[in-house]
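Written below as structure tokens is the structure these notes are about.
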Number of protein chains: 2
Amino acid sequence: MLTETGLNGPPIVNRMCAVPKPDSFDNVTADDVAVAAGVSRWTVNRAFKKDASISPKTRARVITAAQSLGYVPDLSAAALASTRSNLVALLVDDFANPHKLVMLERLTRALRSRGWDTLLVNTLDREDTAPALMNASQRRVDATILIGIQFDDEVLATALGARRFKKLIIFARTSQNPNTISIAVDDEAATREIAHYVIQKGYRRPLYVAGPETVSAHLLRKETFATIWQDRFGVVPDSVSVARYDAMLAEKVALEALQGRDAASLPDVIVCENDALALGVVDTIRHRLGLRVPEDIAVIGFDDVPQAESPNYRLTTYRQPLTQMSNYLVDVLESPDTTNLDRKFLGSMVVRDSA
Amino acid sequence: MLTETGLNGPPIVNRMCAVPKPDSFDNVTADDVAVAAGVSRWTVNRAFKKDASISPKTRARVITAAQSLGYVPDLSAAALASTRSNLVALLVDDFANPHKLVMLERLTRALRSRGWDTLLVNTLDREDTAPALMNASQRRVDATILIGIQFDDEVLATALGARRFKKLIIFARTSQNPNTISIAVDDEAATREIAHYVIQKGYRRPLYVAGPETVSAHLLRKETFATIWQDRFGVVPDSVSVARYDAMLAEKVALEALQGRDAASLPDVIVCENDALALGVVDTIRHRLGLRVPEDIAVIGFDDVPQAESPNYRLTTYRQPLTQMSNYLVDVLESPDTTNLDRKFLGSMVVRDSA
DNA sequence: AAACTGTTTGCACGCGCGTGCAAATCATGT
DNA sequence: ACATGATTTGCACGCGCGTGCAAACAGTTT
């Protein structure tokens, strides 16, 4: 029987066998590369820095040495030593909206292709927003990006009160808060375009389906639509509000709003704050009310999610220039300025069959 | 007129005015809290550590001081100093599949609620997988999680060759690679259940719609289905492959596979590797072929994405226990073991109207 | 009261790299 | 060959915290 414990014999040998050279090759640092390349450590790090002052041959020599040793610079240490981390936090709370996946893709693509890493923070619930912001700040992020709905003035105050927030960016949503940077589509212009389309197509009994209300950051769509409609026809259009951007919930709310009405009192067009709602509305019209889209009730969305294109929905909607917006976001990150960075973008209407 | 420049006078005063105390309040460190609370810096950090050896009163005093100063521990520095970062990288390449959004939500929820942060890395294209892995390693992640399709043996070799990968987890997909940890649904059991359902419902002319092929990580669904069918009926069922998990593309492929056939040669059921494909297939059956689901052709999916429940699709599908899988993933992260961590989970069939 | 045990606190050193400047090297013109 | 300016390289110090151990302290027993 082998002596497994050290009780009846010297355990030292055993231990040495068990741990010969544990992870002798896992921490290749710039120093190691430096001796291999015959330069100083600082030169090694320069070789990996974008436009550092280093001669091409030295850089080549260093890179070669680094590759043979398997060295890559440690961004974690770099972040600690400098004031920049090239890291941003992305706070999301609204995972029911399929458009979020598109936004995530576009944002992470733009960020990564320009050297930025993304910390994805799931804002678990309403109360968790402030902790989530704290969490982000603990990782020394250069900016925090909000793409959701659960943030109000109080939360923003917390965020801005906490230090280390170099930039607080509200993406795809308009904020009046002077301390945040808002990168969004021009909701008023977009809604104007939608409203004119609705009017021009001859619809006269619109129902507006809005999403949840927020305090600090707005989609001005509903208000703009109401104003335009009132200016033109003297009446405020009907509207209902859905507590989440969730097709399933929109379905229920739309059903409650529409069932039991006779044909004359039904709307002839339903304008939705976004596609997530619109898809649910279309389903309700067809499968709960047994009516046709657009013949009985037309539907208009916003965002142009992938499914909007499917032959099943063929949703008329409005597309935000997400790629452009994402690229501008990276511009903002790289800009030394801290003010006057807000920007609105113009999207384009996508006319399909639903209206 | 005031002397604005230092040209005709001592500029020192001016400078001091311009920069009184620039950002004197942005870097609150543990040392600051230490003097405020009358303890050593180490005690301060202990107060913020889960089960550190510290007396309750001292902790309370420190926390109070910390709050009034707005201090939070710097995880970036903590990661540098220790061997753990409580950070994982999540590599995603497959943003067309709506199920990814669900997975992202479940994973980030489980991770964050147990103190882990998530680095979301968008694997831009096939060639970018290795750089993406490198990128992750540069941030000292404790583990890298792969939830996508674009990784083959070569890429895994690169990943495993690079150091600093404590754990390489393949989520929702089975891998045979002994150096990875695979957390997935039991595809064989699931497919068996699906196949038996198909047989029991009397379908006899199945078409299998598979996704892209990968080398290292498999969904064993197609193979299992084929085997079962052959064992039972002596023939290998028809199948087609879609290059991406994308409803739009599945639509096209399905159309090519089905159009021009007469009723007798059409399949009576289409079994899809996942819902992303199934949704496209349903659309094709209805809107391109003008047939009914399930009366003319039944459809079965996999994943139970949110839309599967919509009255429009009512998709019969198979649900993975994502929450359970995500929690197990965190268990794995927190486990000191490095082997024998693979695990398969049983999901459950969700029978709706499409089959 | 002394001795003992278990708990709490303090500290030297290092994690890997950036900043800012000084020293060294190179390229060019006379 | 020498001076001049431009480019390249080296280095002291610090970023904020963790590890592991030793010192100090509190609580209990004889």
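- Rounded to whole Å, the distance from CG on A:L75 to P on C:dG16 is 14 Å.
- Note: CD (A:Q138) to P (D:dG16) measures 14 Å, nearest angstrom.
- With a 4.5 Å cut-off on side-chain heavy atoms, A:L168 and A:I181 do not count as touching.
- The backbone N or O of A:D74 lies less than 3.5 Å from no partner atom in the side chain of B:Q138, so there is not a single donor-acceptor pair.
- Checked by atom type and distance alone, the side chain of B:T118 never pairs as donor or acceptor with a backbone atom of B:L90 at under 3.5 Å.
- Residue A:T58 has a polar side-chain atom (N or O) positioned under 4.0 Å from OP1 or OP2 of D:dT9.
- Looking at heavy atoms from C-beta onward, A:V39 lies in side-chain contact with A:T58 at the 4.5 angstrom threshold.
- Between B:S55 and C:dT9 there is a side-chain N or O to OP1 or OP2 distance below 4.0 Å.
- When the C1' atoms of four end pairs are superposed on the next four at each end of the helix from C:dA1-D:dT30 to C:dT30-D:dA1, using five pairs per end, the two resulting axes differ in direction by 30°, to 10°.
- Taken from CG in B:N135 to CG in A:L75, the straight-line distance is 7.0 Å, to the nearest 0.5 Å.
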What does the B/S/- profile of nucleotides 18-23 of chain D look like, 5' to 3', with a 4.0 Å heavy-atom cutoff to protein? BB----
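- Between C:dG10 and B:T43, a contact under 4.0 Å exists linking OP1 or OP2 to a side-chain N or O.
- The interatomic distance linking A:D31 (CG) with D:dA12 (P) rounds to 13 Å, in whole Å.
- Remark: P of C:dC15 and CG of A:L80 are 13 Å apart, rounded to the nearest angstrom.
- At least one donor-acceptor pair closer than 3.5 Å links the side chain of A:N122 to the backbone N or O of B:E105.
- B:K167 has no carboxylate O lying under 4.0 Å from a charged side-chain N of B:D142, or vice versa, which leaves the two without a salt bridge.
- Taking 4.5 Å as the limit, every side-chain heavy atom of A:W116 sits out of range of all side-chain heavy atoms of A:L87.
- Rounded to an integer number of Å, the gap from B:D32 CG to D:dC17 C1' is 14 Å.
- Of the charged side-chain nitrogens involved, at least one lies within less than 4.0 Å of a carboxylate oxygen, so that A:R114 and A:D331 count as a salt-bridged pair.
- Taking atom OH of A:Y71 as the reference point, atom P of C:dC15 lies 14 Å away to the nearest angstrom.
- In this structure, of D:dC17, D:dC15, C:dC17, it is D:dC15 that holds the atom nearest to the side chain of A:R140.
- Rounded to a whole Å, the CZ atom of A:R59 is 15 Å from the P atom of D:dT7.
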